[in-house]
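Below is one structure; the comments refer to it alone.
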2 protein chains.
Amino acid sequence: MATGTNSLELVVLGLLKEQDMHGYELKKRMTESLGLIMHASWGSLYPALARLEAKGAVKAVEARPAIPNIPMTGSLGGERAVFRLSGEGPRGSRNKKVYGITDIGSALFTAMLNNDSEIDEKGFAIRLAFANHMDSEKRLKMLRDRRDLILERVKSSRRNLEKKRFTLEPYVELVLEHFRLNNSSDLAWIEELIAKEESSMQTPETDLMVSQEVQDNL
Amino acid sequence: MATGTNSLELVVLGLLKEQDMHGYELKKRMTESLGLIMHASWGSLYPALARLEAKGAVKAVEARPAIPNIPMTGSLGGERAVFRLSGEGPRGSRNKKVYGITDIGSALFTAMLNNDSEIDEKGFAIRLAFANHMDSEKRLKMLRDRRDLILERVKSSRRNLEKKRFTLEPYVELVLEHFRLNNSSDLAWIEELIAKEESSMQTPETDLMVSQEVQDNL
DNA sequence: CGCCGATATATCAGCCCGATATAACAGTTT
DNA sequence: AAACTGTTATATCGGGCTGATATATCGGCG
């Protein structure tokens with residue numbers, strides 16, 4: 001069960017690797033920096049945090065108020081604090097639950113990042129976004145797998161449409177054409193990344209590898 | 001509840017508008033013609049059909065064996081048929097449940113297609129794929145809404161990154177750059193579609209509308 | 001002081017995905 | 001004819017995601 005890597009958990013761990021944060025901050029940070037790529041809803045983020053906590057991958061750490069937070073209104077603050085902290089982990093003044101990544105979490109992050117079974121568009125983009133935490137061998141494999149998958153998808157679509165035993169609605173052709181272009185663009189981009197990766201991986205016995213590539217292309 | 005339009009139900013209705021089909025055929029047809037755009041799993045398709053049936057949007061019609069299916073092995077076929085048809089709608093020889101669209105379903109299809117609350121990438125692509133069933137006014141509105149949404153998204157992302165109070169992981173920038181390019185490409189495509197739509201909508205009093213457009217752009 | 005918007009956490013129904021189970025049938029092999 | 005392999009066909013389940021909603025605190029502003 002749960003064969004594939006959970007993208008959201010991967011992102012949470014990746015962000016917590018940089019610094020401790022609470023849920024709200026995580027979402028803000030996510031949409032600010034990765035907003036074009038992915039988007040988390042409350043209904044997915046908090047359960048994800050709960051899951052990670054249950055696994056021991058993250059844990060609630062002490063409150064970290066951005067500004068010292070000087071209410072100092074006598075005993076009132078204390079009362080609230082007691083009420084709020086009833087039987088839970090440490091929280092901040094505003095009932096914040098600040099999470100930190102554990103060693104287990106770091107290990108899980110690496111494992112998820114290197115898990116090949118991920119295939120969909122979003123999962124690929126997210127893994128690539130954190131690809132500096134992979135070694136270049138894995139990175140290359142991921143890129144090639146993605147390239148092969150897109151190629152296969154496009155070929156399969158073309159095959160199906162050539163032996164078209166049905167009439168396509170006029171606008172369908174329009175949309176398909178655009179998606180095909182997008183795929184080509186993605187493909188070119190990935191090929192470029194592969195090339196860069198290969199050239200930056202040059203080792204002493206480069207000649208053998210190059211000749212291998214040439215042979216493959218004949 | 002269920003404010004947004006269910007893309008899968010929309011597609012099912014759209015395909016059933018062309019001809020009666022059973023579930024397996026629907027999925028095959030979907031991946032064959034729309035495979036680049038969307039993808040349905042068994043765990044979503046059959047419940048969707050059940051929902052549509054419950055709403056009265058589709059109903060099981062008589063079996064429609066592609067080839068007359070001549071078992072004719074005496075009473076055996078009859079026995080199986082009796083066993084299989086226990087208390088259900090009409091089915092074909094191989095326990096097929098062939099669905100047809102009803103008047104309610106046709107109305108629902110139109111309503112879903114013209115429902116503006118849809119916003120995500122996939123939903124847009126699918127509605128556009130069936131856009132020949134919309135009148136050109138609605139089509140135009142959908143295209144413009146989509147354009148505005150992408151524009152807003154890109155601007156928002158740029159705004160967030162300019163006041164970057166955080167350090168981006170190196171590969172994140174790479175991915176973001178590509179997504180920005182994709183957005184530009186999508187935008188150009190949509191603008192093109194809008195232009196085409198506008199020019200093919202020319203009516204007697206065109207001059208007024210054109211001058212309106214010009215005014216807007218000043 | 002009260003109001004409002006931003007901060008902060010949580011839950012729920014409904015839906016989707018991936019996996020799995022079950023079985024009839026078709027074609028080929030043995 | 002039995003045994004196999006692959007395709008056709010329907011269905012269900014756990015776990016995860018979305019969009020909506022509820023609740024409450026806090027900072028600032030008039």
Side-chain angles (χ1 to χ4, degrees), chain A residues 1-12 21-29 38-54 60 63 65-67 69-71 73 76-77 79-81 83-84 88-89 91-99 117-120 122-123, chain B residues 1-9 11 21-29 38-54 60 63 65-67 69-71 73 76-77 79-81 83-84 88-89 91-99 117-120 122-123:
Chain A
M1 320 70 182
T3 25
T5 291
N6 184 322
S7 293
L8 182 52
E9 293 182 12
L10 180 64
V11 171
V12 167
M21 273 183 277
H22 53 264
Y24 191 86
E25 222 172 339
L26 270 166
K27 182 163 171 5
K28 224 174 117 188
R29 177 69 184 279
M38 51 98 62
H39 168 266
S41 62
W42 299 121
S44 61
L45 180 60
Y46 283 111
L49 277 169
R51 286 196 306 273
L52 288 172
E53 197 176 17
I67 282 106
N69 220 347
I70 14 86
T73 336
L76 194 60
E79 268 178 38
R80 259 207 316 275
F83 172 66
R84 280 292 151 202
E88 298 262 340
R91 296 212 177 175
S93 55
R94 194 206 277 238
N95 200 22
K96 280 193 264 192
K97 204 170 166 185
V98 179
Y99 290 98
S117 71
E118 187 72 59
I119 34 166
D120 71 333
K122 212 181 75 180
Chain B
M1 322 68 179
T3 27
T5 290
N6 183 321
S7 294
L8 181 53
E9 293 182 13
V11 171
M21 274 183 277
H22 53 265
Y24 192 86
E25 222 172 339
L26 271 165
K27 183 166 178 343
K28 225 174 118 187
R29 176 68 186 278
M38 51 97 62
H39 167 266
S41 62
W42 298 121
S44 61
L45 180 59
Y46 283 110
L49 276 169
R51 285 195 307 272
L52 288 172
E53 197 176 16
I67 282 105
N69 220 346
I70 15 84
T73 337
L76 195 59
E79 268 177 38
R80 258 205 317 272
F83 172 66
R84 280 291 150 202
E88 298 261 340
R91 297 213 178 175
S93 54
R94 195 207 276 235
N95 201 21
K96 279 193 264 193
K97 203 169 166 185
V98 178
Y99 290 97
S117 71
E118 187 72 60
I119 33 165
D120 72 332
K122 212 182 76 181

Notebook entry, point to check: Nearest-Å distance, CE (A/M38) to C1' (D/dG16)?
Noted result: 13 Å

Note to self: By nearest atom, which of the nucleotides D/dT10, C/dT11, C/dC16 is closest to the B/K97 side chain?
What the structure shows: D/dT10

Checklist line | Donor-acceptor pair, side chain of B/K97 and main chain of B/G23, under 3.5 angstrom | finding: no

Next item on the list: Could you check how far CG of A/L10 sits from P of D/dG16, rounded to whole Å?
Entry: 15 Å

Margin query: Testing the basics here: between A/E53 and A/A60, what is the closest heavy-atom pair and its distance to 0.1 Å?
Written below: OE2-N, 4.1 Å

Margin query: Looking at D/dC17, I'd like to know if its phosphate oxygens (OP1 or OP2) sit under 4.0 Å from a side-chain N or O belonging to A/S44.
Written below: no

Margin query: Which is more 5' along DNA chain D, the nucleotide nearest A/S7 or the one nearest B/Y99? Just name the residue.
Written below: B/Y99

Notebook entry, point to check: Do A/L45 and A/V12 touch side chain to side chain, with heavy atoms closer than 4.5 Å?
Noted result: yes

Next item on the list: Please check the phosphate of C/dT9 (OP1 and OP2 only) for any side-chain N or O of A/K96 closer than 4.0 Å.
Entry: no

Next item on the list: Using heavy atoms to find the nearest nucleotide of DNA chain C for B/W42 and B/P47 separately, return the residue whose nucleotide is more 5′.
Entry: B/P47

Next item on the list: Using only side-chain N and O atoms of B/N6, determine if any of them is under 4.0 Å from OP1 or OP2 of C/dG14.
Entry: no

Check: Between D/dT21, C/dG18, D/dT8, which one does the side chain of B/K28 approach most closely?
Finding: D/dT8

Notebook entry, point to check: Starting at CZ of A/R29 and ending at C1' of C/dT7, how long is that distance when rounded to a whole Å?
Noted result: 18 Å

Notebook entry, point to check: Roughly how many Å is it from NZ in A/K122 to C1' in C/dC16, rounded to a whole number?
Noted result: 12 Å

Notebook entry, point to check: Can a side chain N or O of B/R51 be found less than 4.0 Å away from OP1 or OP2 on C/dA13?
Noted result: no

Note to self: If I compare all heavy atoms of A/T5 with all of A/S117, which pair ends up nearest, and what's the gap?
What the structure shows: N-OG, 4.4 Å

Check: Are any non-hydrogen side-chain atoms of B/L8 and B/M38 less than 4.5 angstrom apart?
Finding: yes

Item checked: Whole-Å distance separating the CG atom of B/L8 from the P atom of C/dG14 -> 17 Å

Notebook entry, point to check: How close or far is atom P of D/dA20 from atom NE2 of A/H39, stated in whole angstroms?
Noted result: 11 Å

Item checked: Residue-phosphate contact under 4.0 Å: A/Y24 side-chain N/O, C/dT7 OP1/OP2 -> yes

Item checked: End axis versus end axis in the helix from C/dC1-D/dG30 to C/dT30-D/dA1, the angle rounded to 10°, five pairs used at each terminus -> 10°

Checklist line | Nearest heavy atoms of B/A48 and B/E9, plus distance in Å | finding: CB-CG, 4.4 Å

Notebook entry, point to check: If you look at every heavy atom in B/G123 and B/S7, which pair is closest and at what distance?
Noted result: CA-OG, 3.6 Å

Next item on the list: Using only side-chain N and O atoms of B/Y46, determine if any of them is under 4.0 Å from OP1 or OP2 of D/dT10.
Entry: yes

Note to self: Taking any heavy-atom pair under 4.0 Å as a contact, classify B/G43: base, sugar-phosphate, or nothing.
What the structure shows: base

Check: Atom CG of B/L26 to atom C1' of D/dT10: distance rounded to whole Å?
Finding: 13 Å

Checklist line | Atom-pair distance (CG on A/L45; P on D/dG16), nearest Å | finding: 14 Å

Margin query: Tell me which one of A/W42, A/Y46, A/Y99 satisfies ring pair (Phe, Tyr, Trp, His ring centres under 6.0 Å) with A/Y24.
Written below: A/W42

